[in-house]
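Accompanying notes for the structure given below.
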Amino acid sequence: MDNPLKYFAELRDPRVERNREHLLEEILLIAIAAVLSGAESWNDIADYGEDKQEWLKTFLTLPSGIPSHDTFNRVFAALDPDEMERGFVAWVSSIAKLTAGEVVAIDGKTLCGTREAGKKALVHMVSAWASANNLVLAQRKVDEKSNEITAIPKLLNALELAGTVVTVDAMGCQREIASLIVEKKADYVLAVKGNQGLLAEQVRESFLLLNSDAVSEEIDCGHGRVEQRRCSVIADLSMVDKAAEWASLKGLVRIESERYHKATGKTEREIRYYITSLRPDASLLNRVIRQHWGIETSCTGCSTWGLAKIWTENVQDMPRKTSPCSIAWR
């Protein structure tokens, strides 16, 4: 792996020069190495530095030893979030080579421990998760007076998506977002729920009145449950008003899932609907939609590559004015 510091070369040091006891590039490198080794808090990062000090001395100067956890906290809180984001995206792009057909899942999450002083709202982030690479590609903070609809386009514009399949939950089921994904030379699978109003109703009615063009079933066993998923696809868009306004729309998708929990003997059933620019291949769509949920499971436990997520969610006694934004790179 290339030295990640070269991707942060334009990152300005926010500290007053006379107060700089530690080099910014060394603070960055220790933090990156610690997180890649499983660190989940500023204390963990400082402990990692102490444990690996002899090794770190072989290629770092460490003029004042290993920074304390408070120093890591303060420095990252003061860094410019836009500069951090550009460096992070460039670094991750050098590691993650997106392959044709790879699923890039877009999902929002409210982060624990990020409530700013005097405010009720927690920081809400939108993340892009590369399923095959198993890493977070980029993140974007949702502005307080806005929502995911405005944050998703900014996130998409920061990424090279050509040849991938972008999946987005119902909040992102917007014509403008579909058009942007197509402009980025990618395909989309967008969830459709009740908040879509007429579109949701028309998709449901299509499956009641029209024949499916393709059907595929999958069965998964694990984690104490058995899940069966049936994917049906319709290419006939005649019941969707203004279907032509959805860029490259090619099909409607229905996922019928049934989960049997061995421990309780209970069975859960759920039906979900989607629209897609992909051809009516039920097997492919079944797999793509299943991979979307990897952002909820894999990303949650990703201590290796979810660098932005870890630095955001493990803020401890951090100055609230800028920290959540700086650490998450908005």
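Any value given below was found using the heavy atoms of this structure, including those in side chains, with hydrogens, waters and symmetry copies removed.
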Give a yes or no on whether the backbone of [Y] and the side-chain of [X] come within a donor-acceptor separation of less than 3.5 Å.
| X | Y | result |
| --- | --- | --- |
| Tyr188 | Ala247 | yes |
| Gln202 | Asp241 | yes |
| Glu26 | Thr61 | yes |
| Ser41 | Asp44 | yes |
| Glu270 | Glu258 | no |
| Asp213 | Ala235 | yes |
| Arg15 | His22 | yes |
| Asn286 | Ala282 | no |
| Ser248 | Ser277 | no |

Taking CD in Glu25 as the centre, count heavy atoms belonging to other residues, nucleotides or ligands within less than 6.0 Å. Is the count above 12?
yes

What are the two closest heavy atoms between Ala178 and Trp246, and how far apart are they?
CB-CE3, 4.0 Å

Going by atom types alone, do Thr164 and Glu102 pair a side-chain donor with an acceptor below 3.5 Å?
no

Mind telling me whether Phe72 and Phe76 have parallel, tilted or perpendicular rings, with 30° and 60° as the class edges?
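Phe76 and Phe72: parallel rings.
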
Is it true that Lys193 and Asp169 have a side-chain N and a carboxylate O under 4.0 angstrom from each other?
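Salt bridge present between Lys193 and Asp169.
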
Is there a chain of hydrophobic side chains (I, L, V, M, F, W, Y, each step under 4.5 Å between heavy atoms) that links Ile32 to Leu23?
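In one cluster: no.
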
